[in-house]
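Here the structure comes first, spelled out in structure tokens, and everything after it is commentary.
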Amino acid sequence: MASKINIFLTGATGHIGGSVLARLLNHPNFSSFELNVLVRSTDKAKKLRTLRVKVTLGSYDEKLEILAEAASHADIVISMADADNLPASTAILDGMKIKHAASGKAPILIHTSGTGIIVDDARGLHGDHREFSDLESEVLNAIPVTALHRNVDIPIIEADKAGYINAYIITPGTVFGYPSGPLVDLGIQNIPSIQMRYLIKPCIARKQGAYFGKGLNLWSAVDVDDTADLYLILFDAILRDPESAGHGTEGYYFVENFQYSALEVAQAISEGLVEQGIMTTPEISPFTLEEGEKYFGTFWPLLGANSKVKADRSRALGWAPKRDKEDLIANLKSGVAFYLKGY
Ligand SMILES: NC(=O)c1ccc[n+]([C@@H]2O[C@H](COP(=O)([O-])OP(=O)(O)OC[C@H]3O[C@@H](n4cnc5c(N)ncnc54)[C@H](OP(=O)(O)O)[C@@H]3O)[C@@H](O)[C@H]2O)c1
């Protein structure tokens with residue numbers, strides 16, 4: 001009997017990761033996979049085991065040798081836990097190097113980064129920053145290590161160049177939507193994405209939708225199911241032939257379907273607050289600098305930045321995202337009710 005394909009997933013209880021795992025569990029070739037999921041809670045581990053997956057108890061914060069060990073057995077690693085944790089990513093690469101040495105074949109890394117790599121410093125004052133295509137490899141590879149997520153992305157690309165892994169970097173804009181599937185049913189998947197949390201919760205706290213500067217900055221966005229579909233389309237392409245999809249220096253895959261402005265977000269949140277009886281009319285106003293620091297710390301300029309991308313490489317794989325700006329607006333409004341329930 002042919003041995004199974006060992007797939008190690010991190011962040012698989014997350015907003016994005018849970019939707020990716022749900023699709024792998026439903027994959028026509030599921031019986032040929034051995035899924036190994038990193039999880040840091042024993043309760044989630046117990047529930048995950050009911051889905052016929054192996055669980056590795058561990059985290060990105062300590063005992064990184066556990067991560068390296070799991071990665072050293074994997075044919076494919078899908079990392080979706082933290083785009084900025086260099087020690088954890090290094091441990092995964094160390095493990096994959098061992099796998100390469102033992103098998104003579106480059107294992108696959110599908111890593112999750114974010115379009116924070118190309119943000120400007122508009123502070124809400126304009127939306128004029130250029131749009132980046134994921135096909136502009138030379139431009140993207142020149143982004144300095146000081147840019148968001150590049151501290152992790154660069155060593156991954158270097159490992160691909162060194163030849164001991166094939167690296168594919170999925171790079172979403174703002175992800176929104178409500179995931180569904182077995183992990184949601186078990187109550188172990190994060191329902192809102194990190195980025196929606198950042199957008200909605202501070203506005204609930206100040207009881208009004210808000211933006212930075214003039215709110216003119218633009219971000220690319222994409223629904224969570226569309227995002228998870230891209231992981232699987234890429235995964236299937238790689239299974240057929242790892243060289244059929246760009247990797248390493250040609251390996252950024254942006255994930256977007258449209259752009260929204262900070263003003264549109266603030267307006268939708270205020271409308272959600274009106275629907276919940278928190279406001280009477282849907283006014284919006286700028287965050288003060290004090291509020292920026294209170295709610296977002298030193299990261300507040302990110303909320304006023306432009307992050308405009310085109311997912312040309314992703315679409316060339318046949319990926320066709322469906323949900324649009326109307327879905328985002330509806331999601332922001334219902335997100336207010338969701339967070340008011342105490343999530
Ligand atoms: N959501 C977006 O809009 C967006 C956009 C661009 C990029 N990204 C990137 O995509 C990744 C996933 O985003 P998400 O929205 O799915 O996040 P999320 O819902 O917060 O999920 C994060 C996942 O990673 C796990 N995790 C977090 N910290 C960990 C640690 N220290 N050790 C082990 N596991 C850890 C969480 O496990 P628990 O269940 O134990 O919490 C969860 O499974 C992040 O790197 C994020 O920066 C997200």
Side-chain angles (χ1 to χ4, degrees), residues 8-22 37-48 53 55-64 66-67 70-71 77-89 91-92 110-119 134 147-153 156 169-179 181 183-184 186-201 219-228 230-231 252-257 260 265 299 302-303 305 307 309 311 314 323 328 331-332 335 343:
F8 178 48
L9 296 106
T10 72
T13 52
H15 179 74
I16 298 174
S19 301
V20 172
L21 177 55
V37 175
L38 181 81
V39 65
R40 51 184 175 171
S41 122
T42 47
D43 181 49
K44 287 186 185 180
K46 205 166 139 198
K47 290 182 175 158
L48 269 169
V53 302
V55 169
T56 293
L57 269 174
S59 91
Y60 271 28
D61 304 315
E62 55 179 11
K63 298 189 183 155
L64 297 182
I66 294 174
L67 266 181
V77 176
I78 308 181
S79 57
M80 302 171 286
D82 186 341
D84 303 306
N85 191 321
L86 182 60
S89 184
I92 289 172
I110 301 177
H111 172 72
T112 310
S113 181
T115 62
I117 61 169
I118 52 86
V119 289
D134 47 11
L148 211 60
H149 314 315
R150 286 282 287 168
N151 61 322
V152 168
D153 292 1
I156 287 173
I169 305 186
I170 294 206
T171 307
T174 295
V175 181
F176 66 92
Y178 294 111
L183 281 89
V184 174
L186 287 170
I188 55 171
Q189 180 172 356
N190 292 339
I191 303 294
S193 88
I194 318 181
Q195 227 140 300
M196 296 301 280
R197 222 174 300 162
Y198 288 143
L199 295 176
I200 299 174
K201 282 189 110 170
W219 271 79
S220 296
V222 64
D223 169 82
V224 63
D225 283 323
D226 285 327
T227 303
L230 175 62
Y231 281 81
Y252 271 112
Y253 292 82
F254 286 150
V255 200
E256 57 75 29
N257 197 30
Y260 65 85
V265 166
F299 281 105
L302 207 54
L303 280 289
S307 183
V309 296
S314 301
R323 288 87 183 176
L328 168 68
N331 195 231
L332 285 161
Y343 191 90

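Keep in mind that the numbers below use all heavy atoms, side chains included, and drop hydrogens, waters and symmetry copies. When a ligand or atom number is given, it counts from 1 through the structure's own listing order.
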Using only heavy-atom distances, determine whether the side chains of T112 and Y231 contain a donor-acceptor pair under 3.5 Å. yes

What residue and atom, counting heavy atoms only, is the protein's closest point to atom 4 (C) of ligand 1, and at what distance? Q195 OE1, 3.6 Å

Using distance alone, decide if ligand 1 has a nitrogen or oxygen within less than 3.5 Å of any nitrogen or oxygen in H15. yes

Proximity to ligand 1 by part of R197, non-hydrogen separation under 4.0 Å: side chain

The reported gap from CG in N85 to CG in L64 (rounded to nearest 0.5 angstrom) is 7.0 Å

Give a yes/no verdict on whether any heavy atom in E62 is under 4.0 Å from an atom of ligand 1. no

Quick check: do V119 and L302 have side-chain heavy atoms less than 4.5 Å from each other? yes

T112 N/O to ligand 1 N/O under 3.5 Å: no

State the atoms of ligand 1, each with its element, that fall below the 4.0 Å cut-off from a heavy-atom position in D82. 45 (O)

Starting from atom 37 (O) of ligand 1, find the nearest protein heavy-atom neighbour and note its residue, name and distance. T13 OG1, 3.4 Å

Side chains of V152 and H111: closer than 4.5 Å at any heavy-atom pair? yes

Measure the spacing between NZ of K46 and OG1 of T42 and express it to the nearest 0.5 Å. 8.5 Å

Does ligand 1 have any atom that is closer than 4.0 Å to a heavy atom of P172? yes

Among protein heavy atoms, which sits nearest to atom 18 (P) of ligand 1, and what does the distance come to when rounded to 0.1 Å? N190 ND2, 3.4 Å

A student checking ligand 1 against M80 at a 4.0 Å heavy-atom cut-off should list atoms 11 (C), 12 (C)

Nearest heavy atom to atom 23 (C) of ligand 1, choosing from A12, G114, G11, G58, belongs to G11

Side chain proximity check, L48 to L183, heavy atoms < 4.5 angstrom: yes

On a heavy-atom basis, I'd like to know which of S193, G173, G18, A228 is closest to atom 1 (N) of ligand 1. S193

Are I110 and S79 side-chain neighbours, meaning at least one heavy-atom pair lies under 4.5 Å? no

Under 4.0 Å, heavy-atom basis, I'd like to know which part of K44 is in contact with ligand 1: side chain, backbone, both or neither. side chain

R40 contact mode with ligand 1 (heavy-atom cut-off under 4.0 Å): side chain

Quick one: nearest non-hydrogen protein atom to atom 47 (O) of ligand 1, plus distance? A83 CB, 3.9 Å

Report yes if some heavy atom in the side chain of I92 is under 4.5 Å from a heavy atom in the side chain of Y60; otherwise report no. yes

Within 4.0 Å of some non-hydrogen atom of I16, the atoms of ligand 1 are 10 (O), 13 (O), 16 (O), 48 (C)

Could you find the nearest protein heavy atom to atom 7 (C) of ligand 1 and give me its residue, atom name and distance? S113 O, 3.0 Å

Just how far is it from atom CD1 of I16 to atom CE of M80, taken to the nearest 0.5 Å? 8.5 Å

What residue and heavy atom of the protein are closest to atom 3 (O) of ligand 1, and at what distance? V175 N, 2.9 Å

Any idea which atoms of ligand 1 are less than 4.0 Å away from a heavy-atom of Y60? 30 (C), 31 (N), 32 (N), 33 (C)

Nearest heavy atom to atom 14 (P) of ligand 1, choosing from I194, V152, T227, belongs to I194

Within the 4.5 Å heavy-atom criterion, are L57 and V39 side-chain neighbours or not? yes

Answer yes or no: does an N/O atom from G14 fall short of 3.5 Å to an N/O atom of ligand 1? yes

Does any non-hydrogen side-chain atom of D134 lie less than 4.5 Å from one of T171? no

Among all protein heavy atoms, pick the one closest to atom 31 (N) of ligand 1 and tell me residue, atom and distance. D61 OD2, 3.0 Å

Kindly indicate whether the side chain of F176, heavy atoms from C-beta on, has any atom under 4.5 Å from the side chain of D223. yes

Sorted by first residue and then second, give each side chain to side chain donor-acceptor pair (under 3.5 Å) pair with at least one member in residues 191-200; sequence neighbours left out. T174-Q195

Flag for E256-S314: side-chain donor and acceptor within less than 3.5 Å: no

Which bit of A88 gets closer than 4.0 Å to ligand 1, counting heavy atoms only: side chain, backbone, both or neither? neither

